[in-house]
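Here the structure is laid out as structure tokens; the discussion comes afterwards.
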Amino acid sequence: MASPLKCDLCDNQATVHLTQIVNQKVHKVDLCETCAQAKGVTDPSGFSLSDLLLKASLNPEPSAASGLRCEQCGFEPEEFKKTGRFGCPACYEALTGMVDPMLESMHKGTAHVGKVPEHALERKVFEDRLNTLESNLKTAIDAERYEDAAKFRDEIVQVRAEAGMAPIETV
Amino acid sequence: MPAPIEKLLSAPAELTDNRTSKCPVVLMTRIRLARNLANHRFPGRADEEERSKILARCRDSLAETPGLKRSFSVTMSELDNQQRQLLVERHLVSRELIDSKVGAGAVINRDQSVSVMINEEDHLRIQVLRTGFQLKKAWNTIDTLDTALESSLNYAFSSQLGYLTACPTNLGTGMRASAMMHLPALVIVGHMEKVVRAVNQLGMVVRGLFGEGSDASGSIFQISNQTTLGEAEPVIVKRLQSVLKSIVEHELNARDRLLENSPGKLPDKIGRAFGILKHGHL
């Protein structure tokens, strides 16, 4: 006989099984009696049902999550199962194998189409450009390609001037 | 000199003073945006030092933001229980914030229509409150505020996933738009369950007066969008607006029917409520 289903919220045996179809996707929740009552599932007004279904889709697939870790903050998928939250913004990239399957059942789409922080992105483009130029400059100096180095240095001065920053001695 | 919290509690506020809702069904509109700073751990995982740094950094930026320049700034650890509870009751901060660890604070503007929680679930939870049914106005206000704030803060953002939030249910726009609705007639005629189901199917969610996990005492329900990724903010706002309008219609119809079909029922309910208020002791 197959082992009895465990409650999605604790480790007790699940006796309440809910299935709801949202946006043509099937969402399933298995709960023990205590959690079902605590979450108001037995309440006829069906109050927190959608909250609960949403939370259930937070449970990552064990196979997708194994062996992943965020290098930036040390976050591991196991912690996510406990809290339903990630550790830092970089977790989304580091644990992408775990994030992607979750999003499909959670949201209307899997790509952002809304507002974009223009200022922050401009700043990022500027910083990235400067970082690339500085690293190019260093490589050129190390390789004793001084003509290239001079070109990169001039570009750095120009980029910094465009952003209203003081040119710094880089060589 | 009174402390900021005392000034705040006695100041006239958007929700409680001199304002009335034009629509007798929608009591209040609220939009919140979840935002985080790049290169910092989310509040739930950050240590005390990092949380304090985030609080200071966000406060500095908020103080320079147009519309928030003369606002109240409060730190949760400096308030007593009653003061914290009052802020929750006014919908200015959440229960989660008042239970938070070191570095939890809020910046609230003069008329208390804007409140920014710092180090709640996300580094910033910006919210705009409006009396009555004013979703579009609330969106315009919060959009402007968010853009101003973003000129000095580096938000964690990905072109694929949008604004990066501690919980993936807020990814994308990070926006939750909601309306607080008073639906006594739908509750009395027993149609609320149907409404909840229909609203759920449209990608909206129904909660109690104080959001997730709270009950619907007084027939007051909070209805909000459930998903945040895959649609632009104005699209979400527009859909919510049309769902809310149709709930308002249903409620008004139910009120008319109640008055027509059981004219004695409402005066009886009102009389009983008044009796409890007047003569109850506990």
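Atoms considered below: every heavy atom in the structure, side chains included; atoms not considered: hydrogens, waters and symmetry mates. Just so it is clear: chains get the letters A, B, ... in the order the sequence lines come, proteins before strands, and each one is counted from 1.
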Original post:
Between His112(A) and Gln160(B), is any pair of side-chain heavy atoms under 4.5 Å apart?
Top reply: no
Original post:
Rounded to the nearest 0.5 Å, how far apart are CD of Glu127(A) and CG of Asn154(B)?
Top reply: 6.0 Å
Subject >> Atom pair CD/NE2 of Glu231(B) and His107(A) - distance to nearest 0.5 Å >> reply: 11.0 Å
Original post:
If you count heavy-atom pairs under 4.5 Å between each of Thr173(B), Thr228(B), Leu153(B), Val187(B) and chain A, which one has the most?
Top reply: Thr228(B)
Subject >> Crowding at CD, Gln241(B) (>12 non-hydrogen neighbours, <6.0 Å) >> reply: yes
Original post:
Quick one: which residues of residues 39-61 of chain B reach chain A at under 4.5 angstrom, heavy atoms only?
Top reply: His40(B), Arg41(B), Phe42(B), Arg45(B)
Original post:
Does the side chain of Pro168(B) come within less than 4.5 Å of Phe80(A)'s, by heavy atoms?
Top reply: yes
**OP:** With a 4.5 angstrom heavy-atom cut-off, could you sort out which part of Ala111(A) is near chain B: side chain, backbone, both or neither?
**Re:** both
Original post:
Checking Glu122(A) against chain B: side chain, backbone, both or neither under 4.5 Å from a heavy atom?
Top reply: neither
Original post:
What heavy-atom pair brings Tyr92(A) and Ala166(B) nearest, and what distance separates the two atoms?
Top reply: OH-O, 3.8 Å
Original post:
Do Met106(A) and Thr169(B) touch side chain to side chain, with heavy atoms closer than 4.5 Å?
Top reply: yes
**OP:** Heavy atoms only: give me the nearest Leu161(B)-Thr110(A) pair and the separation to one decimal.
**Re:** CD2-O, 4.2 Å
Subject >> Interchain contact, Leu37(B) with chain A, by part (heavy-atom threshold 4.5 Å) >> reply: backbone
Original post:
Among Cys70(A), Ala90(A), Gly109(A), Pro89(A), who wins on heavy-atom pairs under 4.5 Å with chain B?
Top reply: Pro89(A)
**OP:** Mind running salt bridge (Lys or Arg N to Asp or Glu O under 4.0 Å) on Arg85(A) and Glu120(B) for me, showing each step along the way?
**Re:** CA-CA 12 Å; Arg85(A) 294 174 186 178; Glu120(B) 201 236 28; over 6 Å; no
Subject >> Heavy-atom pair with the smallest gap, counting every atom of Cys167(B) and Gly84(A) >> reply: SG-O, 3.6 Å
Please table the atom pairs, donor to acceptor, closer than 3.5 Å between any side-chain atom in residues 114-121 of chain A and protein atoms at least two apart or in another chain.
unit_1    : atom_1 : unit_2    : atom_2 : d
Lys115(A) : NZ     : Asp143(B) : O      : 3.0
Lys115(A) : NZ     : Asp143(B) : OD1    : 2.7
Lys115(A) : NZ     : Asp146(B) : OD2    : 2.7
Lys115(A) : NZ     : Thr147(B) : OG1    : 2.9
His119(A) : ND1    : Glu150(B) : OE1    : 3.4

